[in-house]
Amino acid sequence: APPLVVGCGADRAGGYLAAGLDGGGARLFERPLPARGHGVAFHPARPHCAVFARRPGTFAWVLDTATGAVVRAVESAAGRHFYGHGAFSRDGRLMFAAENDYPAGRGVLGVYDVEAGYRRIGEMPSHGVGPHDLALLPDGATLAVANGGIRTHPDQGRAKLNLATMAPNLAYLEAASGRLLELAELPAHLHKLSIRHLAVDRRGRVAIAMQYEGSRRDRVPLVGLHERGGGVRLFSAPGPIERRLRHYTGSVAFDATGRLLAVSSPRGHLITLWDAASGEFMTHVEARDASGLAPTGEPGQFLVSGGDGALRAIDARRGESRVLAAPDGARRWDNHLGVRPQGTVSRG
């Protein structure tokens with residue numbers, strides 16, 4: 001299958017949309033959304049892409065990746081809302097969505113039967129509060145879940161209700177049963193460091209990108225890496241870069257080799273680049289309001305989308321960027337880009 005990148009955004013009139021692009025930034029389709037979208041997930045075999053509502057939204061639309069047509073409009077169950085991310089099982093029979101059981105204040109993963117028209121058939125505990133991102137590990141049997149730790153309720157919009165007691169974690173679940181396999185937590189003094197987004201490499205290492213809810217004066221790491229059976233390794237940026245990040249990261253992605261890690265900072269208007277093995281900060285690339293990140297098939301290279309409407313290609317090894325699609329004032333990109341795994345899609 002040819003390259004396909006999908007991201008959410010907004011148009012000049014204030015409407016929301018999902019757009020599909022080729023690897024060169026050319027637009028393949030554009031689909032209006034009922035409200036603000038967030039993350040995307042690609043089906044491993046069908047030409048389907050699921051677009052999830054931003055918290056506390058209640059829609060997940062499955063789009064045809066060739067045309068952008070709506071294959072299925074999924075609504076959240078009673079007492080649940082979406083957190084913006086999801087994932088498919090390896091065989092493509094199930095879709096998992098990060099959701100809030102807001103009457104109980106606990107995180108769940110909604111389970112949807114693809115063959116039955118994406119009907120919701122159950123849920124499993126996320127083993128934390130505020131599950132945001134999730135990803136299937138290369139073994140095809142394990143889900144990694146970023147439990148951000150922040151309790152919310154749709155009656156109070158996006159207000160954060162438990163900052164004093166928040167306890168983020170990275171949970172590993174057996175995809176078939178929801179059984180908790182492993183729980184990785186941060187040191188107690190970093191309990192206000194919300195684990196928000198994940199990237200997984202071919203070895204099953206999980207990179208985490210975080211947002212800090214504590215004092216503006218605190219100096220805290222915002223990037224980390226976890227391998228099963230060990231503790232979370234936290235990466236520190238140089239002081240001037242750390243200050244620019246303003247306690248906030250957007251997206252995280254491994255490059256095609258798994259050796260390099262890119263983390264976006266829309267508040268700092270830059271992309272930070274890291275050596276995944278050592279955790280050392282390598283360099284940064286300036287990118288206006290940059291948040292969406294997706295690896296290309298080339299070592300050290302990423303696509304980056306910005307709130308200014310631009311799409312850029314980043315070369316981490318050279319610390320360079322080039323504009324693929326310039327801002328045109330008609331639309332602006334939102335938080336994330338999803339990239340379809342190469343050569344996996346068949347019709348039918």
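When reading the values below, keep in mind they use all heavy atoms of this one structure, side chains included, and skip hydrogens, waters and symmetry mates. Quick caveat: nothing in here was measured; it's all calculated off a predicted structure.
- When the side chains of ILVMFWY residues are joined at heavy-atom separations under 4.5 Å, either directly or via intervening members, Val108 and Val111 end up in two distinct hydrophobic clusters.
- Looking at Leu28 and Leu4, their side chains come closer than 4.5 Å, going by heavy atoms from C-beta outward.
- Residues meeting the salt bridge (Lys or Arg N to Asp or Glu O under 4.0 Å) test with Glu280, sequence neighbours left out: none.
- Listed by first and then second residue, the side-chain hydrogen bond (donor to acceptor under 3.5 Å, both in side chains) pairs involving residues 14-31 are Arg27-Glu30, Glu30-Arg331 (not counting sequence neighbours).
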Exercise for the section: Show your working on side chain to side chain contact (heavy atoms under 4.5 Å, CB included) between Leu245 and Arg267 and close with a plain yes or no. Expected result: CA-CA 6 Å; Leu245 300 180; Arg267 294 180 181 177; over 6 Å; no
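- Each ring-ring contact (aromatic ring centres under 6.0 Å, His included) pair with one or both residues in residues 250-290, not counting sequence neighbours, appears once here: Phe235-Trp274, Trp274-Phe281.
- Of the possible polar contacts, one joining the Arg90 side chain to the Pro138 backbone as a donor-acceptor pair under 3.5 Å is found.
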Practice task
Kindly indicate, with the supporting measurements, whether the criterion side chain to side chain contact (heavy atoms under 4.5 Å, CB included) is fulfilled by His132 and Gln211.
Solution key: CA-CA 12 Å; His132 192 71; Gln211 299 170 8; over 6 Å; no
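- For residues 208-226, the set of pairs meeting the salt bridge (Lys or Arg N to Asp or Glu O under 4.0 Å) definition, not counting sequence neighbours, comprises Lys160-Glu213, Arg219-Glu242.
- For residues 175-189, the set of pairs meeting the side-chain hydrogen bond (donor to acceptor under 3.5 Å, both in side chains) definition, not counting sequence neighbours, comprises Glu174-Ser177, Glu174-Arg179, Glu182-Arg228.
- Sorted by first and then second residue, the pairs that involve residues 287-340 and meet ring-ring contact (aromatic ring centres under 6.0 Å, His included), not counting sequence neighbours, are His38-His336, His85-His336, His197-His336.
- Taking each heavy atom of Ser194 and Pro168 in turn, the nearest pair found is CA-CB, 4.3 Å.
- Across all their heavy atoms, Arg322 and Leu324 have their closest contact at NH1-CD2, 3.3 Å.
- A donor-acceptor contact shorter than 3.5 Å links the side chain of Ser251 to the backbone of Ser291.
- Within the 4.5 Å cutoff, the side chain of Val263 has no heavy atoms near those of the Leu222 side chain.
- Ion pair Glu298/Arg317 not flagged as a salt bridge, since none of the NZ, NE, NH1 or NH2 atoms sits closer than 4.0 Å to an Asp/Glu carboxylate oxygen.
- Counting only heavy atoms from C-beta outward, the side chains of Leu186 and Met210 approach each other to under 4.5 Å.
- There is no path of hydrophobic side-chain contacts, each under 4.5 Å, that joins Ile271 to Leu311.
- Val70 has its side chain within reach of Trp61: a pair of non-hydrogen atoms, C-beta onward, lies under 4.5 Å apart.
- Here the OG atom belonging to Ser264 is positioned 8.5 Å from the CG atom belonging to Asn335, to the nearest 0.5 angstrom.
- Annotation: side chain of Met166 is not in contact with side chain of Arg151 (no heavy-atom distance under 4.5 Å).
- Scanning all heavy atoms of the two residues, the minimum distance from Val71 to Leu63 falls at CG2-C, 3.9 Å.
- No side-chain donor-acceptor contact under 3.5 Å links Asn147 to the backbone of Gly149.
- A distance of 11.0 Å separates OG1 in Thr257 from CD in Gln301, rounded to the nearest 0.5 Å.
- Looking only at side-chain heavy atoms (C-beta outward), Ile241 and Thr272 come within less than 4.5 Å of each other.
- Taking the six-membered ring where tryptophan is involved, the planes of His48 and His43 are perpendicular, since the angle between them exceeds 60° and thus also 30°.
- Between the side chain of Asp11 and the backbone N or O of Gly14 there is at least one donor-acceptor pair closer than 3.5 Å.
- Residue Val304 is grouped with residue Leu273 when hydrophobic side chains (ILVMFWY) are merged at heavy-atom distances under 4.5 angstrom, including chains of intermediate members.
- When atom types are taken as modelled, the side chain of Asn169 and the backbone of His127 share a donor-acceptor pair closer than 3.5 angstrom.
- Counting only residues at least two apart or on different chains, the salt bridge (Lys or Arg N to Asp or Glu O under 4.0 Å) pairs with a member in residues 32-45 are Arg36-Asp334.
- For residues 198-208, the set of pairs meeting the side-chain hydrogen bond (donor to acceptor under 3.5 Å, both in side chains) definition, not counting sequence neighbours, comprises Asp201-Arg205.
- Inter-residue side-chain proximity for Cys8 and Leu33 is flagged as met; some heavy-atom pair is nearer than 4.5 Å.
- With sequence neighbours excluded, the residues satisfying side-chain hydrogen bond (donor to acceptor under 3.5 Å, both in side chains) with Arg312 are Asp308.
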Exercise for the section: Please report the C-alpha distance between Val114 and Leu94 in whole Å, then the side-chain angles of each, then the deciding distance to 0.1 Å, and finally whether the side chain to side chain contact (heavy atoms under 4.5 Å, CB included) criterion is met. Expected result: CA-CA 5 Å; Val114 173; Leu94 299 175; 5.7 Å; no
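- Under the side-chain hydrogen bond (donor to acceptor under 3.5 Å, both in side chains) criterion, Tyr248 pairs with no residue, sequence neighbours left out.
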Practice task
Please report the C-alpha distance between Phe29 and Asp64 in whole Å, then the side-chain angles of each, then the deciding distance to 0.1 Å, and finally whether the side chain to side chain contact (heavy atoms under 4.5 Å, CB included) criterion is met.
Solution key: CA-CA 10 Å; Phe29 67 78; Asp64 184 300; over 6 Å; no
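- In this structure, Pro56 and Phe82 have side chains that are not in contact, with every pair of non-hydrogen atoms separated by 4.5 Å or more.
- Closest of all the heavy-atom pairs between Ser126 and Val145 is CB-CG1, 4.2 Å.
- Shortest non-hydrogen contact noted between Gly258 and Ala276 is O-CB, 3.6 Å.
- Thr249 contributes atom OG1, which lies 10.0 Å from atom CG of Leu293 (distance to the nearest 0.5 angstrom).
- Taken from CZ in Phe52 to CG in Asp133, the straight-line distance is 10.5 Å, to the nearest 0.5 Å.
- Leu21 and Val339 end up in the same hydrophobic cluster when Ile, Leu, Val, Met, Phe, Trp and Tyr side chains are linked at under 4.5 Å.
- Annotation: the span from Ile208 atom CD1 to Leu225 atom CG amounts to 8.5 Å, rounded to 0.5 Å.
- Residues Leu143 and Leu198 do not share a hydrophobic cluster, clusters being chains of Ile/Leu/Val/Met/Phe/Trp/Tyr side chains in contact below 4.5 Å.
- Minimum heavy-atom separation, Ala141 to Leu136: N-CD1, 4.4 Å.
- Pairs of residues two or more places apart, or lying in two chains, that qualify as salt bridge (Lys or Arg N to Asp or Glu O under 4.0 Å) and include a residue from residues 118-132 are Arg80-Glu123, Glu99-Arg120, Arg106-Glu123, Arg120-Glu123.
- Under a 3.5 Å cut-off, the side chain of Asp101 and the backbone N or O of Gly105 do not form any donor-acceptor pair.
- The ring-ring contact (aromatic ring centres under 6.0 Å, His included) pairs that include a residue from residues 151-171 are Tyr102-His153, where partners are two or more places apart or lie in different chains.
- How far CG of Leu134 is from OH of Tyr83: 13.0 Å, rounded to the nearest 0.5 Å.
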